[in-house]
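Naming convention: chains lettered A, B, ... in sequence-line order (proteins, then strands); numbering from 1 in each chain. Remember, it's a predicted structure, so these values are computed and weren't measured experimentally.
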Amino acid sequence: MELLKLFIQSVFIDNMVFSFFFGMCSYIAVSKSVKTANGLGLAVTFVMLMTVPLNYLLENYVLKAGALKWISPALEGVDLSFLSFILFIAVIAAFVQLLEMFIEKFSPSLYNQLGIFLPLIAVNCAIMGGALFMQQRAFATVGEAAVFGFGSGFGWWIAILVMAAIRERLSYSNVPKGLRGPGLAFIITGLLGMAFMIFSGFQM
Amino acid sequence: MKNKTFQSLTNPLAKNNPVLVQILGICSALAVTTQLKPALVMGLSVTAVCAFSNLVLSLLRNGIPDRIRIIVQLVVIAALVTIVNDVLKAYVYDVSKQLSVYVGLIITNCIIMGRVEAFALSNKPLPSLLDGIGNGIGYGAVLVIIGFVRELFGNGSLFGYQIIPECFYEAGYVNNGLMLFPPAALIIVGVIIWVHRTANKDLQEK
């Protein structure tokens, strides 16, 4: 039940795009067609589901103050948390590289469809942001971290899908010249964000 | 040559602004701008990281194998961000608390990766350094504009000092609370891009 709460909270109330602006760059750049948006959303969700728990284990068994106790009691005073940025991003980059090779081998069609956006997932702020929030909120179990990662990725997926659908429709409308493209995309995201603000009133 | 080097500093300020034209580094640009002070600190931090990562990677550019360059870039950037994070914690602790995870997110700020990929790896150290500074300032300028609007209309203050006089409130003026919420930042960026593109006709999409 706790996990379900956490899931709903990270999908709707703490939506990555609408309340933290994470992953904005690829969100604006890739939301021109529903098909690619869908592929990217799926990839981001999967990478978050895997990397947040991985980084959680790293944080709790290597980086945190006293986390190295399990190797030998002498290491109890070691605090490696200043290394967390470098190690988190290394895990994410390595995982994305692995995923890229895997998809290229087993599903060339999906690989071609995602193209350049697959390696760019490594610098998608949503994923690094997920890792940093995981560190900040100090979840109790690795399961909670996994649910948080999945929920956040899923929320991002919903957001980019909604946006892509709206922008496909928008291409038929007559928009002032200076507002075409990113300008209008931002304003629409703002309006969507206002709609998502209603979730913040929920007591979980 | 001299002129071209100088241009790498001035170009990103307006004509090729990383936020407004290339739509990069939006994540942090929006999240830290509820007040002017964190916006300014964030702009300076990104300028420092962008300048030094450009410089370092430009110096290393002939020694990095092509296949592993992304990892090398990320490690250099992450190391610089770690230094910035510790400096902020030491000297401006309250702002560092306010910025929370967004300092760490400078690593994944696409402006920095983008400039390293597009400029530093194929140019000499000095132009790369200037390009980094120019892009950082271009980014910071947009942050300051957004922070100015949001703090003035959302709180009635600038840098924490009351600007809108008390008599306005007595006459019935009310702060716009929406300005402090995420959607307002998005709409302000949208409007800034609109104004910028109306002024620069060659950027408009057909």
If one checks every heavy atom of Ile28(A) against chain B at 4.5 Å, the contacting part turns out to be side chain
Ranked by heavy-atom pairs below 4.5 Å to chain A, first place among Thr198(B), Leu20(B), Leu178(B), Ile188(B) goes to Leu178(B)
Filtered by a 4.5 Å non-hydrogen cutoff, the part of residues 189-196 of chain B contacting chain A is Val189(B), Gly190(B), Val191(B), Ile193(B), Trp194(B)
Nearest heavy-atom approach of Arg197(B) to Arg180(A) is NH1-O, 4.2 Å
Only distances under 3.5 Å count here; give the side-chain donor-acceptor pairs of residues 71-94 of chain B to other protein atoms, sequence neighbours excluded, each with its distance to 0.1 Å.
| from | atom 1 | to | atom 2 | distance (Å) |
| --- | --- | --- | --- | --- |
| Gln73(B) | NE2 | Glu117(B) | OE1 | 2.9 |
| Thr82(B) | OG1 | Ala78(B) | O | 2.7 |
| Tyr93(B) | OH | Lys97(B) | NZ | 3.3 |

Given Tyr27(A), Phe20(A), Phe88(A), the one with more heavy-atom pairs under 4.5 angstrom with chain B than any other is Phe20(A)
* Near Phe139(A) CZ, under 6.0 Å, is it more than 12 heavy atoms from other residues, nucleotides or ligands? -> yes
Answer yes or no: are there more than 12 heavy-atom neighbours, outside Phe7(A) itself, under 6.0 Å from its atom CZ?
yes
When the 4.5 angstrom heavy-atom criterion is applied to Ala199(B) and chain A, the contacting part is neither
For atom CZ of Phe181(B), decide whether the heavy atoms of other residues, nucleotides or ligands shown that lie under 6.0 angstrom number more than 12.
no
Tested for side-chain contact (heavy atoms from CB on, under 4.5 Å) against Leu186(B), the lone hit among Ile188(A), Thr189(A), Val17(A) is Thr189(A)
Bottom line for Phe196(A): the part with an atom under 4.5 Å from chain B's heavy atoms is neither
Interatomic distance, CD1@Ile92(A) vs CD1@Ile107(B), rounded to 0.5 Å, equals 9.0 Å
Mark yes when over 12 heavy atoms from residues, nucleotides or ligands other than Phe102(A) sit less than 6.0 Å from its CZ; otherwise mark no. no
Looking only at heavy atoms, the pair that brings Met194(A) and Pro183(B) closest together is N-CG, 3.5 Å
